[in-house]
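In what follows, chains are A, B, ... by sequence order, proteins preceding strands, each numbered from 1.
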Amino acid sequence: MIEAIGSGLSQVLQWETLGLMVGGMLIGFIVGILPGLGGAVTLALLLPFTFAMEPVQGLVFLLSMWIVTTTAGDITSVLFGIPGEATSAAAVLDGYPLTKKGQGGRALGIVLTSSALGIVFGAIVLGIFITVIRPVVLMLGAPEFFMLVLLGLTFVVTLAGKSPTKGLAMVALGLLVSFVGSDPSAGLPRFTFDQMYLWGGIPLIPIVVGLFGGAEVLQLMLSRSSIANGPLDAKLAGTTRGVADALRNWPVVLRSSSIGVAIGMLPGLGGTVAQWISYGQARQSSKNSEQFGKGAVDGLVAAGATNNAKDAGSLIPTIAFGIPGGAATAVLLGGLLILGVNPGQEMLTTQLDITFSMVWTVVIAGILGVVLALALVRPLATLTRISGPVLTPILFMFLVIGAYTTNNNNSWGDLFVMIGAAVLGTVCLRWDWPRVPFLLAVVLGQLLEQYLNLSNTMFGLDWLTRPGVIIVGAGVVVTLFFSIRAVRRDHKARLTPAPSNVLSTQDVHSVGDKK
Amino acid sequence: MKAQSVRGLAKPDLILSCAIFIICGGALALSFTYSSSMSLLLPRVAAGLGMLCAAWMVVGATVARRRLDEETPVALPATAVHEPTSTVEDVSDTDQDDPNDAEYILSNTPKRVWITTIGFICGFFLVLYLCGLFIAAAALSLVYLVVVGQKSWLFSVIYTVILTGLLWGLMRGLTYIPSPPGVLFPGG
């Protein structure tokens, strides 16, 4: 174990790897600060650049980019009141009022420091949990993994937003897309319509690139304005005071980080939910709860700490079970497979050093990212002022390269898939259909079928009586129960008038919902 | 107003639900034409689930539209049935008025801008098919900056040269990642 921790660190501290980390961090900054361009999209776009890299180098590059994206997302939230990422929305509520009061520097100091503390906490939990979870994972077989994948799919009820029926319909569509190609038992083509391109299945990356990136670039082309329209005349002084504020509120950091890690671990839930739960608990436990929404320091601390801690949490099911916690980890999972790193048993046994190199990357990139952010706040903020038409050609190239080069085919089929996914993404955005359930189903569909076939082949129908299967099955039922209850409660809340002076759940959803 | 907006929302949902129903129904029907040795349990379950959800949506949207038609008096203008209560539906309506909201941008963009944008996208992919990535990138960058961005020719040319040069260097010199070749200019 100690050997793997040391080996992981030494692999990260190679000059070439550190160079890639810095490169990834710089890209992460730019992407994070640009609202709409999420970490998932950028991970997908940068995936082809890792083909020629060693596994650790590729993972360091991708992870450092993703981790810093989350941190940088808070900068736009605080400075312009526009969430740089869907998961940075809670930082808007107290960060932007502080900026409007002329305390932008202090607000950035608070949110960035709490981000750094959150990421360190998350990485420690990730490192410890990975070692604890190892024997558990070794006990699990194909039937248990099938049930775990099923458990991941049940969270789409929560992710579906206002309409669970729409979410389930998107899941069905996503599953059908994932079943295109040679079937796993007979190897015969299924739903391929005599197209050779489809025999290998529909590739994931062009779908992700189109579904998220395509729709966002189209929006930018239609609006023809710069991404951020808010004022940039706030004083960015008082950063040190903000750092002290965050350190003084260490209990809030601990509580919020714990919530972030715990919810990040649950596949399908992710940071969009975690930030609001954390913000809510900070408000409940605060002595000056009336200041929340007007520039409360503890509110901003909670938002910052949760935001980064949940990333580390979502890596736990991705590494240990191969179940992505959300869209970004779904793409990261694809990256792991492309780099020849198999999540699950291998990453906890023979490739444990690679797992720890990921933990170290989270810590180092997280802290360096915050230090860089504090140093580069003003020039980075000006990126959001670049006019849309100037940015469009660059983003267009990213879309084409991202879609075309991620599959070994290098075929126009990939571009068609990307265009189709972009159309679907745009339709979803326009008419309020959820995109994430579709993507999760595409990612989990193949795994679901693979584990089901393995279970049936190895155990017949006896696998249904295995204790692990029954336990996870109970988890599926409980999750479904609570998800449906939450949806019903949300529906009831929507039908009752909300007092105007109180932050209602709906207000929170309307800010935080990322379709 | 509210009735109109609900009716307007129900129609796309109805169309999309019908589309999902047809896709899932087609997949289910197709699955019965395959050999029994193939693994078809999950595809059939997924197709069935999709059909069920889509049918539920279609019924829901149809009932909602019919109920609205019955409730809205024909003689009164649509605005007369608007109730000024502060419900959450109203909150989400105000969300739609946020100019940074995706739904707002996609629904409020003038037709002319839509046509220009779609034209640029189609044009780009046509040039990409004929001439390859680098020529398409240069063409898109130059024309888009001049026409849509209203930038000067000098700025647009410099920007285009830098963008295409960086792209060339990245793809051909640094990463050797293949790029889409053109039918007319395979190297372009």
Asker: So do Met397(A) and Ser141(B) actually touch side chain to side chain, heavy atoms under 4.5 Å?
Answerer: no

Asker: Compare all side-chain heavy atoms of Leu16(B) with those of Lys166(A) and state whether any distance is below 4.5 angstrom.
Answerer: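 In short, these two side chains do not touch, never coming nearer than 4.5 Å.
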
Asker: So which part of Leu166(B) gets closer than 4.5 Å to some heavy atom of chain A, the side chain, the backbone, both or neither?
Answerer: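 No part of it gets close to chain A.
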
Asker: Top residue by heavy-atom pair count (under 4.5 Å) with chain B, among Leu222(A), Ile394(A), Leu176(A)?
Answerer: Leu222(A)

Asker: Side chain, backbone, both or neither: which part of Leu52(B) has a non-hydrogen atom closer than 4.5 Å to chain A?
Answerer: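 Contact with chain A involves no heavy atom of Leu52(B) at all.
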
Asker: Determine the minimum heavy-atom distance between Gly149(B) and Pro389(A), stating which atoms define it.
Answerer: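 Reported closest heavy-atom pair: CA-CB, 3.5 Å.
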
Asker: Can you name the nearest heavy-atom pair linking Trp433(A) to Met57(B), along with the distance?
Answerer: CZ2-CE, 3.9 Å

Asker: Side chain of Tyr34(B), backbone of Phe191(A): donor and acceptor closer than 3.5 Å?
Answerer: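 Flag set: sc Tyr34(B) to bb Phe191(A) pair under 3.5 Å.
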
Asker: Run the side chain to side chain contact (heavy atoms under 4.5 Å, CB included) test on Ile121(B) and Leu218(A) for me, step by step, so that the C-alpha distance in whole Å, both residues' side-chain angles and the decisive distance to 0.1 Å come before the verdict.
Answerer: CA-CA 9 Å; Ile121(B) 294 171; Leu218(A) 179 67; 3.8 Å; yes

Asker: What part of Phe416(A) lies closer than 4.5 angstrom to a heavy atom of chain B: side chain, backbone, both or neither?
Answerer: neither

Asker: Just how far is it from atom CG of Asp183(A) to atom OG of Ser31(B), taken to the nearest 0.5 Å?
Answerer: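 Between atom CG of Asp183(A) and atom OG of Ser31(B) there are 12.0 Å.
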
Asker: Compare all side-chain heavy atoms of Thr392(A) with those of Leu145(B) and state whether any distance is below 4.5 angstrom.
Answerer: no

Asker: Which atoms of Met221(A) come close to chain B, meaning under 4.5 Å heavy atom to heavy atom: side chain ones, backbone ones, both, or neither?
Answerer: both

Asker: Quick check for you: to the nearest 0.5 Å, what is the distance between Thr117(B) atom OG1 and Gln219(A) atom CD?
Answerer: 12.0 Å

Asker: So what's closer than 4.5 Å to chain B heavy atoms on Ser178(A): side chain, backbone, both or neither?
Answerer: neither

Asker: If you draw a 6.0 Å radius around CD in Gln450(A), do more than 12 non-hydrogen atoms from other residues or ligands fall strictly inside?
Answerer: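 Counting other residues, nucleotides and ligands, CD of Gln450(A) exceeds 12 neighbours.
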
Asker: At what distance, to the nearest 0.5 angstrom, does CG of Leu429(A) lie from OG of Ser107(B)?
Answerer: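 These two atoms lie 11.0 Å from each other.
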
Asker: Quick check: do Pro393(A) and Tyr159(B) have side-chain heavy atoms less than 4.5 Å from each other?
Answerer: yes

Asker: Do you know which of Pro43(B), Ala46(B), Ser156(B) has the most heavy-atom pairs with chain A at a distance under 4.5 angstrom?
Answerer: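 Of the options given, most contacts go to Pro43(B).
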
Asker: Measuring from atom CG of Leu49(B) to atom CG of Leu175(A), what distance do you get when rounded to the nearest 0.5 angstrom?
Answerer: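 Between atom CG of Leu49(B) and atom CG of Leu175(A) there are 7.5 Å.
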
Asker: Are Arg190(A) and Leu40(B) close enough, and set up right, to give a side chain to side chain contact (heavy atoms under 4.5 Å, CB included), and what steps lead you there?
Answerer: CA-CA 9 Å; Arg190(A) 192 175 53 175; Leu40(B) 292 166; 4.0 Å; yes

Asker: Relative to chain A, which segment of Leu42(B) carries a heavy atom at a distance below 4.5 Å: side chain, backbone, both, or neither?
Answerer: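 Both the backbone and the side chain of Leu42(B) come within 4.5 Å of chain A.
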
Asker: Hey, could you give me the CZ/CZ distance between Phe125(B) and Phe396(A), rounded to the nearest 0.5 Å?
Answerer: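 Output value for this atom pair is 5.0 Å.
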
Asker: Between Trp56(B), Phe155(B), Phe21(B), Phe124(B), which has the largest tally of heavy atom pairs under 4.5 Å with chain A?
Answerer: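 Among the listed options, the one with the most contacts to chain A is Phe124(B).
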
Asker: Describe, in one word, how the ring planes of Trp412(A) and Tyr129(B) are oriented to each other, choosing from parallel (under 30°), tilted (30 to 60°) and perpendicular (over 60°).
Answerer: perpendicular

Asker: So for Leu448(A), is it side chain, backbone, both, or neither that comes closer than 4.5 Å to the heavy atoms of chain B?
Answerer: both

Asker: Show, in sequence, the C-alpha distance, side-chain angles and deciding distance for Leu106(B) and Trp431(A), and conclude whether the side chain to side chain contact (heavy atoms under 4.5 Å, CB included) test is met.
Answerer: CA-CA 9 Å; Leu106(B) 293 171; Trp431(A) 286 291; over 6 Å; no

